[in-house]
Engineer: 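Quick one: the structure is below, questions incoming.
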Amino acid sequence: MKDESQFENQTSELPIQTRDGEFVAYYSRKGLCGLDFPDREVQQERKGNGAEITSEIQRWHEVTTRALENALAGRLVKELPPLDLSCGTDFQQRVWRVLKSIAGGKTLSYGEVADEIGARKAVRAVGRACGANPIPVLIPCHRVLASNQKIGGFSGGLDWKRKLLAREGVLLLE
DNA sequence: TAAGTGCGTCGTT
DNA sequence: AACGACGCACTTA
């Protein structure tokens with residue numbers, strides 16, 4: 001599944017104040033590797049372990065902060081920091097790559113995502129992979145709906161999913 | 001139509 | 001071996 005060296009496993013965490021509360025970003029040596037919603041229990045394994053906050057990470061964090069502000073406002077995200085998705089399996093990373101390609105205001109169904117990665121029938125597995133997305137909002141798993149524009153699920157809570165989609169102008173059925 | 005049931009399918013635990 | 005952030009076919013009312 002994963003095979004990270006101790007070195008790569010080091011992560012630092014930095015807060016991001018937004019109008020929706022304080023998010024927390026996690027960085028590995030390779031890039032942004034996690035993002036938590038406000039008021040969320042910090043997962044043990046992803047929690048920053050006191051790694052040094054390098055100037056490189058500070059630069060990434062500025063990019064992340066801008067990206068998050070834009071995303072939360074439903075605006076176009078122009079730039080993302082490097083992402084470290086090495087915590088995911090091959091399958092999950094393929095799914096997340098598709099999610100990144102969904103433009104703001106657009107949506108795909110779980111089935112369409114499965115199609116994109118050439119695993120048409122792995123629909124439910126795609127749902128699981130979405131739920132395992134370590135960087136919600138910036139990797140827009142909220143833009144994946146069930147068929148017929150129904151909302152589907154969201155690990156961060158359906159309220160967030162509805163809010164994010166509404167700000168992008170996506171109409172839901174329900 | 002709308003709402004409910006059953007089941008295939010497959011990555012993950 | 002069991003469980004989903006699904007999707008479809010197929011009842012019912």
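Chain naming here is simple, since letters A, B, ... match the order of the sequence lines and numbering starts at 1 in each.
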Engineer: Rounded to the Å, how far apart are A:I151 CD1 and C:dG7 P?
Structural biologist: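 These atoms are roughly 13 Å apart.
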
Engineer: To the nearest Å, how far apart are A:K161 NZ and C:dA5 C1'?
Structural biologist: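 One finds 6 Å between C1' of C:dA5 and NZ of A:K161, rounded.
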
Engineer: Which base sits across from C:dA5 as a Watson-Crick or G-U pair, both distances under 3.5 Å?
Structural biologist: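 With both distances under 3.5 Å required, C:dA5 matches none.
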
Engineer: For A:K150, is there any backbone N or O sitting under 3.5 Å from a side-chain donor or acceptor partner on A:N148?
Structural biologist: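 No, A:N148 side chain to A:K150 backbone: no donor-acceptor pair under 3.5 Å.
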
Engineer: Using whole Å, what does the distance between atom C1' of nucleotide B:dG11 and atom CD of A:Q93 come to?
Structural biologist: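 A:Q93 atom CD is separated from B:dG11 atom C1' by 14 Å.
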
Engineer: Take A:D20 and A:R167 through the salt bridge (Lys or Arg N to Asp or Glu O under 4.0 Å) test and state the conclusion after the steps.
Structural biologist: CA-CA 13 Å; A:D20 295 298; A:R167 289 176 184 176; 2.9 Å; yes

Engineer: Hey, does A:G111 reach any base, or is it just sugar-phosphate, or nothing, if we go heavy atoms under 4.0 Å?
Structural biologist: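 A:G111: backbone/sugar contact only, no base atoms under 4.0 Å.
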
Engineer: Quick one: A:N148 CG to C:dG7 C1', roughly how many Å, whole number?
Structural biologist: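 Atom-to-atom, A:N148 to C:dG7, this comes out as 9 Å.
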
Engineer: For A:D90, is there any backbone N or O sitting under 3.5 Å from a side-chain donor or acceptor partner on A:Q93?
Structural biologist: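 Checked: no pair found.
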
Engineer: Heavy-atom contacts under 4.0 Å between residues 98-110 of chain A and DNA chain B, which residues?
Structural biologist: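 When residues 98-110 of chain A is checked for heavy atoms under 4.0 Å from DNA chain B, there are no hits whatsoever.
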
Engineer: Checking A:W96 side chain against A:I135 main chain: does a donor-acceptor pair fall under 3.5 Å?
Structural biologist: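 No, A:W96 side chain to A:I135 backbone: no donor-acceptor pair under 3.5 Å.
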
Engineer: Name the pairing partner of B:dT9, where a pair is Watson-Crick or G-U wobble with both distances under 3.5 Å, or state none.
Structural biologist: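 No nucleotide pairs with B:dT9.
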
Engineer: Hey, any chance A:Y26 and A:V63 share a hydrophobic cluster, counting ILVMFWY side chains that come within less than 4.5 Å of each other, even indirectly?
Structural biologist: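 In one cluster: no.
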
Engineer: How would you summarise protein contacts on nucleotides 5-10 of chain B per nucleotide, using B for base, S for sugar-phosphate only and - for none, with heavy-atom distances below 4.0 Å?
Structural biologist: ---BBS

Engineer: Between A:K161 and A:R143, is there a donor-acceptor pair closer than 3.5 Å when you use the side chain of the first and the backbone of the second?
Structural biologist: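 Here the side-chain-to-backbone pair does not exist.
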
Engineer: Could you verify whether a donor N or O on one side chain and an acceptor N or O on the other, from A:T64 and A:Y27, lie under 3.5 Å apart?
Structural biologist: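 Yes, a side-chain donor-acceptor pair sits under 3.5 Å.
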
Engineer: Would you mind reading off the distance between A:E112 atom CD and C:dC6 atom C1', rounded to a whole angstrom?
Structural biologist: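 One finds 13 Å between C1' of C:dC6 and CD of A:E112, rounded.
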
Engineer: Specify the separation, in whole Å, of atom CG of A:D115 and atom P of C:dG7.
Structural biologist: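 The distance from CG of A:D115 to P of C:dG7 comes to 11 Å, rounded to the nearest Å.
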
Engineer: For DNA chain C, find the residues of residues 137-147 of chain A with a heavy-atom distance under 4.0 Å and give them by number; none if there aren't any.
Structural biologist: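 DNA chain C contact set from residues 137-147 of chain A: A:C141, A:A146, A:S147.
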
Engineer: For A:K100, does the NZ atom have more than 12 heavy-atom neighbours from other residues, nucleotides or ligands under 6.0 Å away?
Structural biologist: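 Counting other residues, nucleotides and ligands, NZ of A:K100 stays at 12 neighbours or fewer.
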
Engineer: C:dA5 P sits how many Å from A:W160 CH2, rounded?
Structural biologist: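 Distance check: A:W160 CH2 to C:dA5 P gives 20 Å.
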
Engineer: In Å and rounded to the nearest 0.5 Å, what is the CG to OG1 distance from A:L165 to A:T107?
Structural biologist: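 The OG1 atom of A:T107 is 7.5 Å from CG of A:L165, to the nearest 0.5 Å.
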
Engineer: Verify whether the ring centers belonging to A:F23 and A:W160 lie closer than 6.0 Å.
Structural biologist: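 Yes.
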
Engineer: Could you state the CZ-P distance from A:R128 to C:dG7, rounded to the nearest angstrom?
Structural biologist: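 So the two atoms are 16 Å apart, to the nearest Å.
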
Engineer: Are any non-hydrogen side-chain atoms of A:C130 and A:Y110 less than 4.5 angstrom apart?
Structural biologist: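 Yes - at least one pair of side-chain heavy atoms lies under 4.5 Å apart.
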
